[in-house]
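First comes the structure, then the notes that go with it.
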Amino acid sequence: MDKRWQRVFTLLSEMYPDARCELNYETPFELLIATILSAQCTDQRVNIITPRLFQRFRSPEDYLEVSQDELEDLIRTCGLYRNKARSIIGCCRVLVRDFQGVVPRDLVSLESLPGVGRKTAAVVASNAFGVPALAVDTHVFRVARRIGLARGDTPEKVEAEVCAIYPREQWIELHHILIWHGRRLCHARKPDCEQCPLAADCDQAISGSAREVSV
DNA sequence: ATCCCGAGGG
DNA sequence: CCCTCTGGAT
């Protein structure tokens, strides 16, 4: 691997030594539900409601016993509650019908579940099962492009580029440190380039303070 | 007011 | 490809 990209990885790892999935979960199934809930919402907010949710719903079968309306009320504070409730119930239906109620470990099967797309599948596969996967969500996309790690204009292209640069064993950690960087410093609107160890190498580094940045 | 760690549908 | 769906944070 290119020295520069090795250095980027090292710098970010040192900066965010405990970057990890911030969702609280005990089982792959809980992670699947939590990840579905996390769309357009902070992990902290998901973590507020999941203890009670997981206490009441322990298996995919349990979610088939509840009405969508009631489930919507239970998850309302996470936003997009209609979609998410539908996704969770649909997902559990398929898990029960086609997967013996067990969350599959591979990306293809995970993505076949209703309400589970590329990002959710990658998050579950990598965090719950250690499957090398890099979910190019908006943070990863933005950060990877800003620091010149990838040039592609779609998440798919960026994913391919990044996966080509870094060895599989680093994908999961890379995913987490890019996300943390995106959340802590490399914000969509006002990135804090003053604090960023990557600014020297970054095409879009802002020297001043509050200017806006594209991508 | 505006944006967000997404997915499905038109 | 573009739209919609949501509450919450800023």
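Hydrogens, waters and symmetry mates play no part in the numbers below; they use all other heavy atoms, side chains included. The shown structure was predicted, so the numbers you read here are calculated from the model rather than taken from an experiment. Per chain, numbering begins at 1; letters A, B, ... match sequence-line order.
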Practice task
With P as the reference atom in both, quote the distance from B:dG10 to C:dT6 in angstrom, rounded to an integer.
Solution key: 16 Å

Handout entry: Euclidean distance for P, C:dT4 against B:dT2 (whole angstrom)
Key = 15 Å

Exercise for the section: Would you give the length of the straight line joining atom CG of A:Leu198 to atom CZ of A:Arg7, rounded to the nearest 0.5 angstrom? Expected result: 9.0 Å

Exercise for the section: For residues 86-139 of chain A, pull every pair meeting ring-ring contact (aromatic ring centres under 6.0 Å, His included), keeping only residues two or more places apart or in separate chains. Expected result: none

Practice task
Please name all residues satisfying side-chain contact (heavy atoms from CB on, under 4.5 Å) with A:Glu111, sequence neighbours left out, ordered by chain then number.
Solution key: A:Arg118, A:Ala121

Exercise for the section: With sequence neighbours left out, write down each residue that passes side-chain contact (heavy atoms from CB on, under 4.5 Å) with A:Glu22, or none if nothing qualifies. Expected result: A:Arg20, A:Asp43, A:Gln44, A:Trp180, A:Arg183, A:Arg184

Handout entry: d(CG, A:Asp73; P, C:dT6) in whole Å
Key = 13 Å

Practice task
Quick one: do A:Leu110 and A:Thr120 satisfy side-chain contact (heavy atoms from CB on, under 4.5 Å)? Show the steps, please.
Solution key: CA-CA 8 Å; A:Leu110 283 165; A:Thr120 304; over 6 Å; no

Under 3.5 Å, which protein N or O atoms sit close to an N or O of nucleotides 7-10 of chain C? Give each pair with its distance.
unit_1	atom_1	unit_2	atom_2	d
C:dG7	N2	A:Gln40	O	2.9
C:dA9	OP1	A:Arg45	NH2	2.6

Problem - Separation of the P atoms in C:dC3 and B:dC3, to the nearest angstrom - result: 14 Å

Problem - Start and end of chain A contact along DNA chain B [non-hydrogen atoms, under 4.0 Å] - result: B:dC3 to B:dG8

Problem - Rounded C1' spacing from B:dG9 to C:dG7 in Å - result: 22 Å

Completion exercise
Separation between CD1 (A:Ile75) and OH (A:Tyr81), nearest 0.5 Å, reads 9.5 Å

Problem - Set of salt bridge (charged side-chain N to carboxylate O under 4.0 Å, His left out) partners for A:Arg82, sequence neighbours left out - result: none

Problem - Nucleic acid contacts of residues 122-138 of chain A, taken as heavy-atom distances under 4.0 Å to DNA chain C - result: none

Practice task
Could you work out the separation of C:dG8 and B:dG8 based on their P atoms and round it to a whole Å?
Solution key: 24 Å

Practice task
Under the side-chain contact (heavy atoms from CB on, under 4.5 Å) rule, collect the residues that match up with A:Ile165, sequence neighbours excluded.
Solution key: A:Met1, A:Trp5, A:Leu149

Completion exercise
Ordered by number, residues from residues 154-168 of chain A within less than 4.0 Å of DNA chain B (heavy atoms) are none

Fill in the blank from the handout: Contacts satisfying salt bridge (charged side-chain N to carboxylate O under 4.0 Å, His left out) that involve residues 46-58 of chain A (not counting sequence neighbours) are A:Arg56-A:Glu70

Problem - Earlier contact from the 5' end, DNA chain B, for A:Ser38 and A:Leu113 - result: A:Ser38

Practice task
Compare every heavy atom of A:Ala39 with every heavy atom of A:Lys84, then report the nearest pair and how far apart it is.
Solution key: NZ-O, 2.8 Å

Exercise for the section: Taking side-chain contact (heavy atoms from CB on, under 4.5 Å) as the test, write out the residues that go with A:Glu61, two or more places apart. Expected result: A:Ser59, A:Val96

Exercise for the section: Go through the steps for A:Glu173 and A:Ser13 under the test side chain to side chain donor-acceptor pair (under 3.5 Å), then give the verdict. Expected result: CA-CA 8 Å; A:Glu173 188 183 349; A:Ser13 303; 3.3 Å; yes

Problem - Sequence neighbours excluded, every pair satisfying ring-ring contact (aromatic ring centres under 6.0 Å, His included) that has a member inside residues 37-69 of chain A - result: A:Phe29-A:Tyr63, A:Phe57-A:Tyr63

